[in-house]
Asks: 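What follows is a single structure, and I will ask about it in a moment.
Below, all heavy atoms of this structure are taken into account, side chains as well, without hydrogens, waters or symmetry copies. So you know, we letter chains A, B, ... as the sequences are listed, proteins then strands, and number each from 1. Treat the numbers as computed from the prediction; the structure is a model and nothing was measured.
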2 protein chains.
Amino acid sequence: MKAAVIAIGDELLIGQVINSNAAFIAEKLDAAGISVEEMITVGDDEEAIVNTLHRSLSEHDVLCLTGGLGPTHDDLTRSAICKFFKTDLILNEEALENVRRIIKRRNVPPTKLNEEQALVPRGCDVLQNSHGTAPGYFFHREGKHVAVMPGVPHEMKAMMEHYVAPYFQEHPVGQVIRHRTIMTTGIPESFLFQQLGNLDELLEGAKLAFLPAPTGVRLRISVKEKDEATANRKLQRVEEGIRKKAAKYIYGVEDEELEQVLGRMLTERKLTIAVAESCTGGLIADKITDVSGSSNYFERAIISYSNQSKVESLKVRMELIETHGAVSNEVAKAMAEGVRQIAGTDIGISTTGIAGPTGGSPEKPVGLVWIGYSDKNETLAVKFNFGDDRRRVKERAAQAALELVRRRLLKIE
Amino acid sequence: MKAAVIAIGDELLIGQVINSNAAFIAEKLDAAGISVEEMITVGDDEEAIVNTLHRSLSEHDVLCLTGGLGPTHDDLTRSAICKFFKTDLILNEEALENVRRIIKRRNVPPTKLNEEQALVPRGCDVLQNSHGTAPGYFFHREGKHVAVMPGVPHEMKAMMEHYVAPYFQEHPVGQVIRHRTIMTTGIPESFLFQQLGNLDELLEGAKLAFLPAPTGVRLRISVKEKDEATANRKLQRVEEGIRKKAAKYIYGVEDEELEQVLGRMLTERKLTIAVAESCTGGLIADKITDVSGSSNYFERAIISYSNQSKVESLKVRMELIETHGAVSNEVAKAMAEGVRQIAGTDIGISTTGIAGPTGGSPEKPVGLVWIGYSDKNETLAVKFNFGDDRRRVKERAAQAALELVRRRLLKIE
């Protein structure tokens, strides 16, 4: 079974909004054994939507549409769908109940505009919207399937998870696609490629993709097999081969973030951590606290942007800052040790650097970052250069700080 | 002139990577007066790439491709391009110099794999890559234009900015597309729609899109005119009309983030700010420090996840926490006032809430957040409910905290 994902919205075509919905839908279809072969984005234009439906449905078995179902005048997907399927609108009582329930939460009466969201194309299965007022539609015609969902990401996601994905799990498609992703950090793509050696030998016909990002390179192994067991056996063999070649750089699997891996390691070891951030400005704490349950090991962070705050909140001696500068080995170490002692945690980490675009000098260029680590046995700092883009410097520094903790815990040099 | 953006990569089709490149390219083309009518994503598959090139070039005047130019075995765009244009590869000396320069930075000798990146299709203009080893290509054939760029975002962005966008500025296309985006927060989409009243009157033929996000609803006005002056006059009239209807909720224009607007307001008023975060876990500080120059007004943040840290680092009385709970009006106010006094800043803000998915109770459900504000004249806290998704609770709470400061500074109730 082949699928296309169709996103609808002028805001996508002028580049104002990044299409994150297509990736989410593709992941769910892929997991159900349906190969997504194409993604298409068209504008809020009834004719363009109808034309795309005609072409795509002739080439694919499954279409998932997202966007253009809202209450305002620029939402044209519903009328395009009616035209394409040659049908009209009828009131769906359950959707109307839902509109009233959602609007009631906001403590105002529903408007006519709100209630009109409950009109749906005749002849579709209605996908109720647990998070918003616009219902979705699911058409099954001559062995082909068309799901139409809102563009608001969490509304679409709930519909994929509660209706569309389960439908294809109940009606399986006869082939199994499985992937395994191995997460690495601290090594550039071409060096990782070399490190792996002869790929034909390693892969036995599986596919391997290199996916570089500011936080590291992901390796994705893909296999397509008749059954689950064969697919899983092959994935496992290839993964073991890769691990033998690049163990040091691998921190996790399956799009697991480093902060999740580290959270598990800290929990298992019953260790606590505190953070002192200067150039990363709160991003390390933000990442750590994205993990549910982080309150069990994350005690506090001090975001010490001013020198004064480094002295007052972290007990860094002003003399150190005056002698070596705020961006230095000595200050990074003093920050890491300071936050560890003040918070009474097992581990303290710190960042101090020049995120840019201003503030650099020949000796201390934009992108220079010192990362400090302190536990009861050792306090050290490592020097990095993370380039010249402010946000990327913050992202790479935050990742390197978390990775430094992982490597110290595992005694990897 | 009509354009299509073509992204290439299996990682996109299985949903592992979100296609942010297409939006960036579209924005640049749109600014040059070129309407992007379609975005397409296909896999790392030579035949699929060639077929898409055939179809797209028959329907559009400009194609921008991104992805599949890397050094590894799964990069097939270069060979597909050679096949499509019926050409072969030649060595580009400048690209080779560049490969050697980039690799040298890493303090290792270049490999054969690295140097092969300097082979380019015969007959194209070569787009040198200032950030990576893979050059891009630019073909001009019979009034049509095909740009081929790497998939690594910052490499592609530099090529769009230095080569592709300037080319179309030097060869203008005879129509002007202009947009104006108005940023709102604190009002849901359908209420904002009602607030604006009769749109036909307001718009005079311009288009208006409602773009909801966790941080607020953006309103995008679009006009297509013969010349710049007419376009700008119409945009201005429509913007003024919208401002009359919804002034209170408008914090900025043109995808300006609230933290940028607030940074400017604090700088103009010579005010400083400090932050005490519990449930947002560093996200407010991360946002504030994304703004270059924030060190002039941002003094420090205390991320006080534990009760102990609220008492020690923020001087919140333990008795308050025991009586009212950490998530309460009283503790939010004490945190905001505490961080303001400790940091010696003009303003202190705070968040305390239940980000979930665990930790909720009937009285204090997941999503409940108290946001505190303190300056020398007043200390107050506002209660919100931000739903049940951990990351979204953090994002909405961080935005609401920044918005609270903006409204207090402007005395908007």
Side-chain angles (χ1 to χ4, degrees), chain A residues 10-11 13-20 23-24 26-27 30 36 38-42 70-74 106 111 113-114 152 154 179 188-190 193-194 199 209-212 220 281-283 285-286 289-290 292 295 298-306 309 313 343 357-358 389-391, chain B residues 10-11 13-20 23-24 26-27 30 36 38-42 70-74 106 111 113-114 152 154 179 188-190 193-194 199 209-212 220 281-283 285-286 289-290 292 295 298-306 309 313 343 357-358 389-391:
Chain A
D10 286 346
E11 73 278 14
L13 288 185
I14 65 163
Q16 190 165 30
V17 169
I18 290 169
N19 180 6
S20 59
F24 183 88
E27 197 182 343
D30 187 85
V36 175
E38 198 176 12
M39 292 167 167
I40 305 154
T41 302
V42 293
T72 63
H73 70 295
D74 57 333
R106 299 176 186 157
T111 63
L113 205 66
N114 294 137
V152 177
H154 68 284
H179 309 278
E189 180 184 9
S190 64
F193 185 76
Q194 282 187 288
L199 283 185
F210 289 73
L211 308 169
R220 194 200 55 236
L283 181 56
D286 180 35
T289 61
D290 274 350
S292 173
S295 54
F298 175 63
E299 208 278 336
R300 81 185 77 174
I302 309 288
I303 317 305
S304 55
Y305 235 50
S306 68
S309 65
S313 289
T358 58
D389 175 86
R390 185 176 180 90
R391 183 68 199 174
Chain B
D10 286 346
E11 74 277 14
L13 289 184
I14 66 164
Q16 191 165 29
V17 169
I18 290 169
N19 180 6
S20 60
F24 183 88
E27 198 182 342
D30 187 85
V36 174
E38 197 176 11
M39 292 166 168
I40 305 155
T41 303
V42 293
T72 62
H73 69 294
D74 57 333
R106 299 176 186 157
T111 63
L113 205 66
N114 294 137
V152 177
H154 68 284
H179 310 278
E189 181 184 9
S190 64
F193 185 76
Q194 282 187 289
L199 282 186
F210 290 72
L211 309 169
R220 193 198 56 237
L283 180 56
D286 180 35
T289 61
D290 273 351
S292 174
S295 53
F298 175 62
E299 209 279 336
R300 81 186 76 174
I302 309 287
I303 318 305
S304 55
Y305 235 48
S306 68
S309 66
S313 289
T358 59
D389 175 86
R390 185 177 179 89
R391 182 69 200 174

Asks: Where on A/Gln194 is there a heavy atom nearer than 4.5 Å to chain B: the side chain, the backbone, both, or neither?
Replies: side chain
Asks: Is there a side-chain contact between A/Met39 and B/Asn19 (heavy atoms, below 4.5 Å)?
Replies: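 Answer no - side chains too far apart.
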Asks: First locate atom CG of A/Asp10, then atom CZ of B/Arg220, and finally report the distance between them rounded to the nearest 0.5 Å.
Replies: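 That separation rounds to 5.5 Å.
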Asks: Just so I understand: if I count every heavy-atom pair under 4.5 Å between each of A/Ser304, A/Pro212, A/Gly70, A/Ser313 and chain B, which residue has the most?
Replies: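 Ranked by heavy-atom pairs under 4.5 Å with chain B, first place is A/Ser313.
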Asks: Of all the heavy-atom pairs spanning A/Asp74 and B/Phe210, show the shortest one and how long it is.
Replies: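 Smallest interatomic distance, heavy atoms only, reads OD2-N, 3.5 Å.
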Asks: For residues A/Ala23 and B/Ile18, report the shortest heavy-atom separation together with the two atoms involved.
Replies: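 Closest heavy-atom pair between A/Ala23 and B/Ile18: CB-CG1, 3.8 Å.
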Asks: Go through the atoms of A/Ile40 and report whether side chain, backbone, both or neither lie under 4.5 Å from a heavy atom of chain B.
Replies: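 Both backbone and side chain.
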Asks: Heavy-atom pairs under 4.5 Å with chain B are the metric here; pick the option from A/Ser20, A/Ala301, A/Gly282 that has the most.
Replies: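 Top count of heavy-atom pairs under 4.5 Å with chain B: A/Ala301.
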Asks: First locate atom CG of A/Leu113, then atom CZ of B/Phe193, and finally report the distance between them rounded to the nearest 0.5 Å.
Replies: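 Rounded to the nearest 0.5 Å, the CG-CZ separation comes to 5.0 Å.
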Asks: Which answer fits A/Ile302, side chain, backbone, both or neither, if we ask what part of it has an atom under 4.5 Å from a heavy atom of chain B?
Replies: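 When you check distances to chain B, atoms from both the backbone and side chain of A/Ile302 fall under 4.5 Å.
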Asks: At what distance, to the nearest 0.5 angstrom, does OG1 of B/Thr72 lie from CG of A/Leu199?
Replies: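 Result: 8.5 Å between the selected atoms.
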Asks: Shorter than 4.5 Å, heavy atoms on both sides: which option in A/Val42, A/Leu211, A/Thr358 has the most such pairs with chain B?
Replies: A/Leu211
Asks: Between A/Asp30 and chain B, with a heavy-atom cut-off of 4.5 Å, which part of the residue counts as in contact: side chain, backbone, both or neither?
Replies: side chain
Asks: Against chain B, label A/Val152 side chain, backbone, both or neither, depending on which of its atoms sit under 4.5 Å from a heavy atom there.
Replies: side chain
Asks: Highest number of heavy-atom pairs under 4.5 Å with chain A: which of B/Thr111, B/Thr41, B/Val36?
Replies: B/Thr41
Asks: So, for A/Ser190 and B/Pro71, which heavy atoms are closest and what is the spacing to 0.1 Å?
Replies: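 Looks like CB-CG, 4.4 Å.
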Asks: Any ion pair linking A/Arg391 and B/Asp290 (charged N to carboxylate O, less than 4.0 Å)?
Replies: yes
Asks: How far apart are the closest heavy atoms of A/Ser309 and B/Arg300, and which atoms are they?
Replies: CB-NE, 3.3 Å
Asks: Give the member of B/Glu299, B/Glu27, B/Glu38 that has the highest number of heavy-atom pairs under 4.5 Å with chain A.
Replies: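 Among B/Glu299, B/Glu27, B/Glu38, the one with the most close pairs to chain A is B/Glu299.
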